[in-house]
2 protein chains.
Amino acid sequence: MDAHDRPPGSRLGRRNDPDRRDRIIDACLEVVAGSGVAGTSHRKVAARADVPLGAMTYYFDGMDDLLREAFTRFATSVSDRFERRMAEAPDVDAAREAVVAIILEDVFGDDRDLVLSHELYTLAAREPAYRAITAGWMARSRAALERHFDPDTARVLDALIEGLTITAPWTPRPATPARSSSRSDGSPRGSAAPTCRAAAGGRRHH
Amino acid sequence: MDAHDRPPGSRLGRRNDPDRRDRIIDACLEVVAGSGVAGTSHRKVAARADVPLGAMTYYFDGMDDLLREAFTRFATSVSDRFERRMAEAPDVDAAREAVVAIILEDVFGDDRDLVLSHELYTLAAREPAYRAITAGWMARSRAALERHFDPDTARVLDALIEGLTITAPWTPRPATPARSSSRSDGSPRGSAAPTCRAAAGGRRHH
DNA sequence: CGCGAGTGTGTACGAACGTACACTCGCTGT
DNA sequence: ACAGCGAGTGTACGTTCGTACACACTCGCG
(Lines give C-alpha, C1' and ligand atoms only; values in the text may rest on other atoms or scores of the structure.)
Protein backbone atom coordinates (compact mmCIF):
# COMPACT_ATOMS: atom_id res chain seq x y z
CA MET A 1 0.00 0.00 0.00
CA ASP A 2 0.86 3.73 -0.30
CA ALA A 3 3.19 3.32 -3.24
CA HIS A 4 2.94 7.04 -3.86
CA ASP A 5 5.72 8.18 -6.17
CA ARG A 6 7.59 5.03 -6.94
CA PRO A 7 9.83 5.23 -10.01
CA PRO A 8 8.12 3.05 -12.58
CA GLY A 9 10.99 0.77 -13.50
CA SER A 10 12.28 -0.02 -10.03
CA ARG A 11 10.89 -2.19 -7.27
CA LEU A 12 10.76 0.51 -4.67
CA GLY A 13 12.04 4.00 -4.22
CA ARG A 14 15.65 3.27 -3.48
CA ARG A 15 16.77 6.17 -1.44
CA ASN A 16 13.41 7.50 -0.29
CA ASP A 17 12.86 4.93 2.41
CA PRO A 18 14.85 5.99 5.43
CA ASP A 19 12.69 4.17 7.98
CA ARG A 20 13.23 0.77 6.45
CA ARG A 21 15.39 -0.22 9.38
CA ASP A 22 12.54 0.59 11.72
CA ARG A 23 10.12 -1.36 9.58
CA ILE A 24 12.41 -4.36 9.73
CA ILE A 25 12.56 -4.19 13.50
CA ASP A 26 8.80 -3.95 13.81
CA ALA A 27 8.34 -6.78 11.35
CA CYS A 28 10.77 -8.86 13.36
CA LEU A 29 8.68 -8.36 16.50
CA GLU A 30 5.56 -9.37 14.63
CA VAL A 31 7.18 -12.49 13.26
CA VAL A 32 8.53 -13.43 16.67
CA ALA A 33 5.12 -12.90 18.23
CA GLY A 34 3.56 -15.08 15.60
CA SER A 35 6.10 -17.83 15.08
CA GLY A 36 8.44 -17.55 18.02
CA VAL A 37 12.14 -16.95 17.96
CA ALA A 38 12.53 -20.52 16.81
CA GLY A 39 10.42 -19.87 13.72
CA THR A 40 11.88 -16.49 12.90
CA SER A 41 14.11 -16.25 9.85
CA HIS A 42 15.60 -13.51 7.78
CA ARG A 43 13.33 -14.46 4.94
CA LYS A 44 10.12 -14.23 6.94
CA VAL A 45 11.04 -10.88 8.42
CA ALA A 46 12.07 -9.55 5.04
CA ALA A 47 8.79 -10.66 3.51
CA ARG A 48 6.78 -9.11 6.33
CA ALA A 49 8.69 -5.84 6.15
CA ASP A 50 8.54 -5.89 2.34
CA VAL A 51 12.27 -5.47 1.93
CA PRO A 52 14.61 -7.65 -0.11
CA LEU A 53 16.42 -10.46 1.62
CA GLY A 54 19.77 -8.84 1.11
CA ALA A 55 18.72 -5.91 3.25
CA MET A 56 18.71 -8.14 6.32
CA THR A 57 22.43 -8.68 6.38
CA TYR A 58 22.99 -5.18 5.13
CA TYR A 59 21.29 -3.44 8.04
CA PHE A 60 21.98 -5.99 10.78
CA ASP A 61 24.95 -8.13 11.63
CA GLY A 62 23.09 -11.41 11.74
CA MET A 63 19.99 -12.54 13.54
CA ASP A 64 21.24 -11.84 17.04
CA ASP A 65 21.79 -8.20 16.27
CA LEU A 66 18.29 -7.87 14.87
CA LEU A 67 16.68 -9.69 17.77
CA ARG A 68 18.59 -7.63 20.29
CA GLU A 69 17.44 -4.42 18.70
CA ALA A 70 13.86 -5.64 18.36
CA PHE A 71 13.59 -6.73 21.97
CA THR A 72 15.21 -3.54 23.14
CA ARG A 73 12.46 -1.66 21.39
CA PHE A 74 9.82 -3.92 22.86
CA ALA A 75 11.14 -3.65 26.42
CA THR A 76 11.43 0.09 26.14
CA SER A 77 7.87 0.41 24.94
CA VAL A 78 6.43 -1.73 27.73
CA SER A 79 8.65 -0.01 30.23
CA ASP A 80 7.48 3.40 29.06
CA ARG A 81 3.85 2.43 29.55
CA PHE A 82 4.58 1.12 33.00
CA GLU A 83 6.52 4.20 34.01
CA ARG A 84 3.89 6.57 32.68
CA ARG A 85 1.14 4.82 34.57
CA MET A 86 3.13 4.96 37.76
CA ALA A 87 4.00 8.60 37.29
CA GLU A 88 0.36 9.48 36.78
CA ALA A 89 -0.66 8.08 40.15
CA PRO A 90 -0.93 10.96 42.59
CA ASP A 91 -0.76 8.96 45.82
CA VAL A 92 -0.23 5.48 47.21
CA ASP A 93 -3.83 4.38 46.80
CA ALA A 94 -3.81 5.40 43.17
CA ALA A 95 -0.49 3.61 42.74
CA ARG A 96 -2.03 0.44 44.13
CA GLU A 97 -4.91 0.76 41.71
CA ALA A 98 -2.42 1.36 38.93
CA VAL A 99 -0.63 -1.85 39.83
CA VAL A 100 -3.92 -3.70 39.71
CA ALA A 101 -4.71 -2.14 36.37
CA ILE A 102 -1.31 -3.08 35.00
CA ILE A 103 -1.76 -6.68 36.04
CA LEU A 104 -5.28 -6.95 34.69
CA GLU A 105 -4.41 -5.24 31.46
CA ASP A 106 -1.19 -7.12 30.82
CA VAL A 107 -2.88 -10.36 31.71
CA PHE A 108 -6.12 -10.05 29.85
CA GLY A 109 -4.79 -7.67 27.26
CA ASP A 110 -2.99 -8.57 24.12
CA ASP A 111 -1.44 -11.99 23.87
CA ARG A 112 1.31 -10.41 21.86
CA ASP A 113 3.04 -8.79 24.79
CA LEU A 114 2.89 -11.94 26.84
CA VAL A 115 4.40 -14.03 24.08
CA LEU A 116 7.11 -11.49 23.40
CA SER A 117 7.93 -11.24 27.08
CA HIS A 118 8.38 -14.95 27.30
CA GLU A 119 10.53 -15.07 24.24
CA LEU A 120 12.74 -12.37 25.68
CA TYR A 121 12.96 -14.08 29.05
CA THR A 122 13.92 -17.31 27.39
CA LEU A 123 16.65 -15.61 25.43
CA ALA A 124 17.86 -13.79 28.51
CA ALA A 125 17.94 -16.98 30.52
CA ARG A 126 20.62 -18.34 28.24
CA GLU A 127 22.49 -15.45 26.69
CA PRO A 128 23.93 -12.64 28.82
CA ALA A 129 23.62 -10.16 25.95
CA TYR A 130 19.85 -10.24 26.28
CA ARG A 131 20.05 -10.12 30.04
CA ALA A 132 21.09 -6.49 29.77
CA ILE A 133 17.73 -5.74 28.17
CA THR A 134 15.69 -7.46 30.85
CA ALA A 135 17.87 -6.01 33.58
CA GLY A 136 17.26 -2.52 32.30
CA TRP A 137 13.57 -3.19 31.99
CA MET A 138 13.35 -4.45 35.54
CA ALA A 139 15.43 -1.60 36.89
CA ARG A 140 13.02 0.89 35.35
CA SER A 141 9.99 -0.97 36.67
CA ARG A 142 11.40 -1.09 40.13
CA ALA A 143 12.42 2.54 40.06
CA ALA A 144 8.90 3.46 39.00
CA LEU A 145 7.46 1.41 41.83
CA GLU A 146 9.80 3.03 44.32
CA ARG A 147 8.11 6.34 43.68
CA HIS A 148 5.30 5.02 45.84
CA PHE A 149 6.56 1.98 47.71
CA ASP A 150 9.65 1.25 49.76
CA PRO A 151 12.41 -0.70 47.97
CA ASP A 152 11.65 -4.09 49.50
CA THR A 153 7.98 -3.84 48.62
CA ALA A 154 8.89 -2.61 45.17
CA ARG A 155 11.12 -5.61 44.65
CA VAL A 156 8.42 -8.04 45.69
CA LEU A 157 5.71 -6.18 43.82
CA ASP A 158 7.72 -6.29 40.65
CA ALA A 159 8.22 -10.00 41.00
CA LEU A 160 4.56 -10.48 41.84
CA ILE A 161 3.41 -8.57 38.78
CA GLU A 162 5.72 -10.69 36.70
CA GLY A 163 4.49 -13.89 38.27
CA LEU A 164 0.80 -13.03 38.00
CA THR A 165 1.20 -11.93 34.43
CA ILE A 166 2.90 -15.16 33.60
CA THR A 167 0.72 -17.61 35.49
CA ALA A 168 -2.66 -15.99 35.07
CA PRO A 169 -3.29 -17.05 31.49
CA TRP A 170 -2.99 -20.69 32.43
CA THR A 171 -5.37 -20.77 35.28
CA PRO A 172 -8.74 -19.75 33.80
CA ARG A 173 -9.15 -22.33 31.06
CA PRO A 174 -7.12 -24.43 28.62
CA ALA A 175 -8.55 -22.54 25.65
CA THR A 176 -7.37 -19.13 24.52
CA PRO A 177 -7.43 -16.71 27.43
CA ALA A 178 -7.16 -13.63 25.27
CA ARG A 179 -10.43 -11.72 25.38
CA SER A 180 -12.14 -11.19 28.68
CA SER A 181 -15.61 -12.48 27.72
CA SER A 182 -15.55 -14.81 30.70
CA ARG A 183 -17.15 -12.37 33.04
CA SER A 184 -20.00 -14.74 33.82
CA ASP A 185 -17.82 -17.19 35.70
CA GLY A 186 -16.16 -14.67 37.89
CA SER A 187 -13.08 -16.67 38.72
CA PRO A 188 -10.23 -14.89 36.96
CA ARG A 189 -11.27 -11.30 37.12
CA GLY A 190 -13.06 -11.80 40.39
CA SER A 191 -10.15 -13.40 42.21
CA ALA A 192 -7.10 -11.74 40.76
CA ALA A 193 -8.09 -8.21 41.64
CA PRO A 194 -8.67 -8.59 45.39
CA THR A 195 -5.70 -10.86 45.92
CA CYS A 196 -3.18 -8.62 44.29
CA ARG A 197 -4.82 -5.64 45.87
CA ALA A 198 -4.30 -7.29 49.22
CA ALA A 199 -0.73 -8.07 48.32
CA ALA A 200 -0.03 -4.56 47.15
CA GLY A 201 -1.39 -3.15 50.35
CA GLY A 202 1.02 -5.10 52.49
CA ARG A 203 3.46 -2.42 53.38
CA ARG A 204 3.31 1.14 52.29
CA HIS A 205 5.80 3.89 51.91
CA HIS A 206 6.07 6.97 54.19
CA MET B 1 30.43 -46.54 29.14
CA ASP B 2 28.95 -49.88 30.25
CA ALA B 3 29.01 -51.48 26.82
CA HIS B 4 28.86 -54.82 28.56
CA ASP B 5 27.85 -57.56 26.14
CA ARG B 6 27.52 -55.78 22.87
CA PRO B 7 27.62 -58.10 19.84
CA PRO B 8 30.93 -57.34 18.15
CA GLY B 9 29.73 -56.72 14.63
CA SER B 10 26.77 -54.52 15.38
CA ARG B 11 26.60 -50.91 16.51
CA LEU B 12 24.62 -51.57 19.63
CA GLY B 13 22.64 -54.38 21.12
CA ARG B 14 19.54 -54.19 19.06
CA ARG B 15 16.87 -55.54 21.27
CA ASN B 16 18.56 -55.19 24.65
CA ASP B 17 17.95 -51.50 25.06
CA PRO B 18 14.44 -51.05 26.34
CA ASP B 19 15.04 -47.66 27.97
CA ARG B 20 16.16 -45.98 24.79
CA ARG B 21 12.97 -43.97 24.69
CA ASP B 22 13.73 -42.63 28.12
CA ARG B 23 17.27 -41.81 27.12
CA ILE B 24 15.97 -39.87 24.15
CA ILE B 25 13.67 -37.85 26.34
CA ASP B 26 16.44 -37.03 28.78
CA ALA B 27 18.78 -36.16 25.96
CA CYS B 28 16.11 -33.89 24.54
CA LEU B 29 15.90 -32.00 27.81
CA GLU B 30 19.66 -31.61 27.90
CA VAL B 31 19.78 -30.31 24.36
CA VAL B 32 16.94 -27.90 25.03
CA ALA B 33 18.67 -26.67 28.15
CA GLY B 34 21.86 -26.17 26.22
CA SER B 35 20.69 -24.84 22.87
CA GLY B 36 17.09 -23.84 23.42
CA VAL B 37 14.04 -25.18 21.67
CA ALA B 38 15.10 -23.14 18.67
CA GLY B 39 18.40 -24.99 18.45
CA THR B 40 17.03 -28.44 19.15
CA SER B 41 16.95 -30.87 16.26
CA HIS B 42 16.39 -34.55 15.82
CA ARG B 43 20.01 -34.95 14.91
CA LYS B 44 21.37 -33.27 18.01
CA VAL B 45 19.12 -35.24 20.32
CA ALA B 46 19.96 -38.47 18.55
CA ALA B 47 23.67 -37.76 18.86
CA ARG B 48 23.36 -36.90 22.55
CA ALA B 49 21.28 -39.99 23.28
CA ASP B 50 23.59 -42.13 21.14
CA VAL B 51 20.77 -43.52 19.04
CA PRO B 52 20.49 -43.49 15.27
CA LEU B 53 18.62 -40.69 13.60
CA GLY B 54 15.91 -42.99 12.37
CA ALA B 55 14.97 -43.82 15.93
CA MET B 56 13.66 -40.29 16.40
CA THR B 57 10.78 -40.63 14.04
CA TYR B 58 10.34 -44.23 15.07
CA TYR B 59 9.70 -43.50 18.73
CA PHE B 60 8.09 -40.08 18.42
CA ASP B 61 5.67 -38.55 16.00
CA GLY B 62 7.75 -35.54 15.17
CA MET B 63 9.43 -32.91 17.27
CA ASP B 64 6.30 -31.68 19.00
CA ASP B 65 5.56 -35.08 20.38
CA LEU B 66 9.07 -35.40 21.76
CA LEU B 67 9.07 -31.94 23.27
CA ARG B 68 5.70 -32.49 24.85
CA GLU B 69 6.86 -35.67 26.49
CA ALA B 70 10.16 -34.14 27.57
CA PHE B 71 8.55 -31.14 29.18
CA THR B 72 5.92 -33.29 30.83
CA ARG B 73 8.73 -35.20 32.48
CA PHE B 74 10.47 -32.01 33.50
CA ALA B 75 7.34 -30.43 34.96
CA THR B 76 6.49 -33.58 36.82
CA SER B 77 9.93 -33.78 38.34
CA VAL B 78 9.96 -30.16 39.52
CA SER B 79 6.41 -30.51 40.72
CA ASP B 80 7.30 -33.61 42.70
CA ARG B 81 10.12 -31.81 44.46
CA PHE B 82 7.85 -28.91 45.29
CA GLU B 83 5.10 -31.13 46.58
CA ARG B 84 7.43 -33.23 48.68
CA ARG B 85 8.94 -30.19 50.29
CA MET B 86 5.51 -28.81 51.13
CA ALA B 87 4.34 -32.13 52.48
CA GLU B 88 7.34 -32.35 54.77
CA ALA B 89 6.53 -29.06 56.46
CA PRO B 90 4.75 -29.83 59.74
CA ASP B 91 3.21 -26.40 60.35
CA VAL B 92 2.75 -22.98 58.81
CA ASP B 93 6.08 -21.61 59.95
CA ALA B 94 7.90 -24.54 58.46
CA ALA B 95 5.88 -24.08 55.29
CA ARG B 96 6.97 -20.48 55.08
CA GLU B 97 10.57 -21.52 55.50
CA ALA B 98 10.03 -24.16 52.85
CA VAL B 99 8.77 -21.50 50.47
CA VAL B 100 11.85 -19.44 51.16
CA ALA B 101 14.04 -22.46 50.58
CA ILE B 102 12.29 -23.23 47.32
CA ILE B 103 12.83 -19.73 46.05
CA LEU B 104 16.46 -19.58 47.09
CA GLU B 105 17.22 -22.98 45.72
CA ASP B 106 15.43 -22.52 42.43
CA VAL B 107 16.97 -19.12 42.01
CA PHE B 108 20.54 -19.82 42.93
CA GLY B 109 20.41 -23.47 42.04
CA ASP B 110 21.00 -24.94 38.68
CA ASP B 111 20.56 -22.73 35.65
CA ARG B 112 19.17 -25.73 33.87
CA ASP B 113 15.79 -25.65 35.57
CA LEU B 114 15.40 -21.96 35.01
CA VAL B 115 16.18 -22.24 31.32
CA LEU B 116 13.88 -25.20 30.89
CA SER B 117 11.08 -23.43 32.71
CA HIS B 118 11.37 -20.47 30.41
CA GLU B 119 11.42 -22.64 27.35
CA LEU B 120 8.28 -24.38 28.52
CA TYR B 121 6.55 -21.12 29.35
CA THR B 122 7.39 -19.77 25.94
CA LEU B 123 5.97 -22.82 24.26
CA ALA B 124 2.89 -22.69 26.46
CA ALA B 125 2.34 -19.04 25.72
CA ARG B 126 1.76 -19.86 22.08
CA GLU B 127 0.57 -23.44 21.81
CA PRO B 128 -2.35 -24.70 23.88
CA ALA B 129 -0.99 -28.26 23.85
CA TYR B 130 1.85 -27.19 26.11
CA ARG B 131 -0.47 -25.14 28.24
CA ALA B 132 -1.90 -28.33 29.64
CA ILE B 133 1.52 -29.16 31.05
CA THR B 134 1.98 -25.81 32.74
CA ALA B 135 -1.60 -25.79 33.94
CA GLY B 136 -1.12 -29.16 35.61
CA TRP B 137 2.14 -28.01 37.12
CA MET B 138 0.59 -24.90 38.55
CA ALA B 139 -2.44 -26.78 39.83
CA ARG B 140 -0.17 -29.12 41.77
CA SER B 141 1.90 -26.26 43.14
CA ARG B 142 -1.15 -24.42 44.28
CA ALA B 143 -2.69 -27.52 45.81
CA ALA B 144 0.53 -28.11 47.71
CA LEU B 145 0.51 -24.55 48.97
CA GLU B 146 -3.11 -24.85 50.05
CA ARG B 147 -2.09 -27.47 52.56
CA HIS B 148 -0.80 -24.57 54.64
CA PHE B 149 -2.22 -21.37 53.21
CA ASP B 150 -5.69 -20.25 52.22
CA PRO B 151 -6.48 -20.36 48.49
CA ASP B 152 -6.02 -16.66 47.81
CA THR B 153 -2.67 -16.59 49.52
CA ALA B 154 -1.69 -19.77 47.74
CA ARG B 155 -2.53 -18.19 44.42
CA VAL B 156 -0.46 -15.11 45.12
CA LEU B 157 2.37 -17.09 46.66
CA ASP B 158 2.58 -19.29 43.63
CA ALA B 159 2.77 -16.27 41.36
CA LEU B 160 5.30 -14.65 43.66
CA ILE B 161 7.54 -17.68 43.63
CA GLU B 162 7.33 -17.71 39.87
CA GLY B 163 8.09 -14.03 39.63
CA LEU B 164 11.01 -14.11 42.05
CA THR B 165 12.47 -17.14 40.38
CA ILE B 166 12.27 -15.43 37.04
CA THR B 167 13.46 -11.96 37.96
CA ALA B 168 16.06 -12.80 40.59
CA PRO B 169 18.81 -13.98 38.23
CA TRP B 170 18.83 -10.64 36.48
CA THR B 171 19.10 -8.39 39.44
CA PRO B 172 22.40 -9.38 41.11
CA ARG B 173 24.86 -8.94 38.28
CA PRO B 174 25.08 -9.14 34.48
CA ALA B 175 27.53 -12.03 34.71
CA THR B 176 26.52 -15.62 35.30
CA PRO B 177 24.41 -15.90 38.44
CA ALA B 178 24.76 -19.65 38.69
CA ARG B 179 26.89 -20.63 41.67
CA SER B 180 26.24 -19.01 44.98
CA SER B 181 29.83 -18.13 45.90
CA SER B 182 28.75 -14.52 46.32
CA ARG B 183 28.07 -14.81 50.00
CA SER B 184 30.64 -12.12 50.80
CA ASP B 185 28.62 -9.35 49.21
CA GLY B 186 25.37 -10.14 50.89
CA SER B 187 23.09 -8.53 48.34
CA PRO B 188 21.20 -11.37 46.66
CA ARG B 189 20.95 -13.84 49.44
CA GLY B 190 20.65 -11.09 51.99
CA SER B 191 17.78 -9.27 50.33
CA ALA B 192 15.70 -12.00 48.79
CA ALA B 193 15.17 -13.96 51.96
CA PRO B 194 13.62 -11.28 54.18
CA THR B 195 11.44 -9.86 51.46
CA CYS B 196 9.85 -13.09 50.44
CA ARG B 197 9.64 -14.12 54.05
CA ALA B 198 7.68 -10.95 54.69
CA ALA B 199 5.48 -11.66 51.72
CA ALA B 200 4.84 -15.22 52.76
CA GLY B 201 3.82 -14.10 56.21
CA GLY B 202 1.06 -11.87 54.96
CA ARG B 203 -1.96 -13.96 55.72
CA ARG B 204 -2.00 -17.32 57.29
CA HIS B 205 -4.38 -20.22 57.23
CA HIS B 206 -6.56 -21.39 60.16
C1' DC C 1 26.27 16.60 -18.93
C1' DG C 2 29.17 12.70 -17.79
C1' DC C 3 31.12 9.95 -14.33
C1' DG C 4 33.03 7.96 -10.02
C1' DA C 5 31.57 6.37 -5.48
C1' DG C 6 29.01 3.90 -2.64
C1' DT C 7 24.39 2.33 -1.16
C1' DG C 8 21.41 -1.26 -1.73
C1' DT C 9 19.87 -5.69 -4.26
C1' DG C 10 19.37 -10.28 -6.47
C1' DT C 11 21.17 -14.74 -6.62
C1' DA C 12 23.66 -18.66 -5.77
C1' DC C 13 25.93 -21.86 -2.58
C1' DG C 14 26.89 -24.93 1.32
C1' DA C 15 25.02 -26.59 5.46
C1' DA C 16 21.45 -28.38 8.25
C1' DC C 17 16.95 -29.68 8.75
C1' DG C 18 12.64 -33.28 9.03
C1' DT C 19 10.89 -37.22 7.03
C1' DA C 20 10.04 -41.27 4.07
C1' DC C 21 11.26 -45.74 2.90
C1' DA C 22 13.82 -49.75 1.46
C1' DC C 23 16.35 -52.75 3.94
C1' DT C 24 18.91 -55.52 7.77
C1' DC C 25 19.07 -58.78 11.19
C1' DG C 26 17.87 -60.76 15.80
C1' DC C 27 14.30 -63.39 17.69
C1' DT C 28 10.78 -67.03 17.62
C1' DG C 29 7.93 -70.89 16.23
C1' DT C 30 8.11 -75.25 14.16
C1' DA D 1 18.17 -75.87 11.68
C1' DC D 2 15.95 -72.66 9.42
C1' DA D 3 12.33 -69.65 7.50
C1' DG D 4 9.75 -65.66 8.29
C1' DC D 5 8.44 -61.61 10.55
C1' DG D 6 8.73 -57.25 12.42
C1' DA D 7 11.38 -54.04 15.25
C1' DG D 8 14.83 -50.98 14.26
C1' DT D 9 18.19 -48.57 11.08
C1' DG D 10 20.80 -46.08 7.37
C1' DT D 11 20.41 -43.17 3.63
C1' DA D 12 18.80 -40.14 0.38
C1' DC D 13 15.62 -36.39 -0.93
C1' DG D 14 13.41 -31.94 -0.95
C1' DT D 15 13.16 -27.82 1.64
C1' DT D 16 14.75 -23.95 4.11
C1' DC D 17 18.13 -21.60 6.25
C1' DG D 18 22.09 -17.73 6.69
C1' DT D 19 25.50 -15.50 4.26
C1' DA D 20 28.71 -13.95 0.67
C1' DC D 21 29.44 -11.45 -3.35
C1' DA D 22 29.08 -9.62 -8.01
C1' DC D 23 26.32 -6.29 -9.84
C1' DA D 24 22.79 -2.31 -10.62
C1' DC D 25 21.36 2.08 -9.93
C1' DT D 26 21.23 6.75 -7.78
C1' DC D 27 23.25 10.87 -6.38
C1' DG D 28 26.54 14.55 -5.98
C1' DC D 29 30.23 16.79 -8.08
C1' DG D 30 33.33 18.60 -11.48
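So you know, we letter chains A, B, ... as the sequences are listed, proteins then strands, and number each from 1. Fair warning: this is a prediction, and the values are worked out from it, not measured in the lab. The analysis underlying the following values was restricted to heavy atoms, covering all of them including side chains, and did not include hydrogens, waters or symmetry mates.
- Between A:Arg20 and C:dT9 there is a side-chain N or O to OP1 or OP2 distance below 4.0 Å.
- Nearer to the 5' terminus of DNA chain C, by closest-nucleotide assignment, is the contact made by A:Tyr58 (compared with the other of A:Tyr58 and A:Leu53).
- One can place CG of A:Asp64 at 12 Å from P of D:dG18, the figure rounded to the nearest angstrom.
- Defined by atom type and a distance below 3.5 Å, a donor-acceptor pair is present between the side-chain atoms of B:Arg20 and B:Tyr59.
- Note on A:Ser41: a side-chain N or O is less than 4.0 Å away from OP1 or OP2 of D:dC17.
- Between A:Gly62 and A:His42, the shortest heavy-atom contact is C-NE2, 3.9 Å.
- Spacing between atom OH of B:Tyr59 and atom C1' of D:dA7 amounts to 8 Å, rounded to whole angstrom units.
- Phosphate contact (OP1/OP2 of C:dT19, side-chain N/O of B:Thr57, threshold under 4.0 Å): absent.
- Atom CG of A:Asp50 is separated from atom P of C:dG10 by 11 Å (rounded to the nearest Å).
- Of the candidates C:dT9, C:dT19, D:dT19, the closest approach to any side-chain atom of A:His42 belongs to D:dT19.
- Of the residues near DNA chain C, A:Ala55 and B:Arg43, the one whose nearest nucleotide (by heavy atom distance) lies more toward the 5' end is A:Ala55.
- Note that CD of A:Glu69 and CZ of A:Arg21 are 4.0 Å apart. Values are rounded to the nearest 0.5 Å.
- Taking atom CG on A:Leu66 and atom C1' on D:dT19, their separation rounds to 15 Å, with Å as the unit.
- The CE-C1' distance, from A:Met56 to D:dG18, rounds to 12 Å in whole Å.
- For the pair A:Asp65 CG and D:dT19 C1', the interatomic distance rounds to 15 Å; values are reported in whole Å.
- A donor-acceptor pair shorter than 3.5 Å can be found between the side chains of B:Thr153 and B:Asp150.
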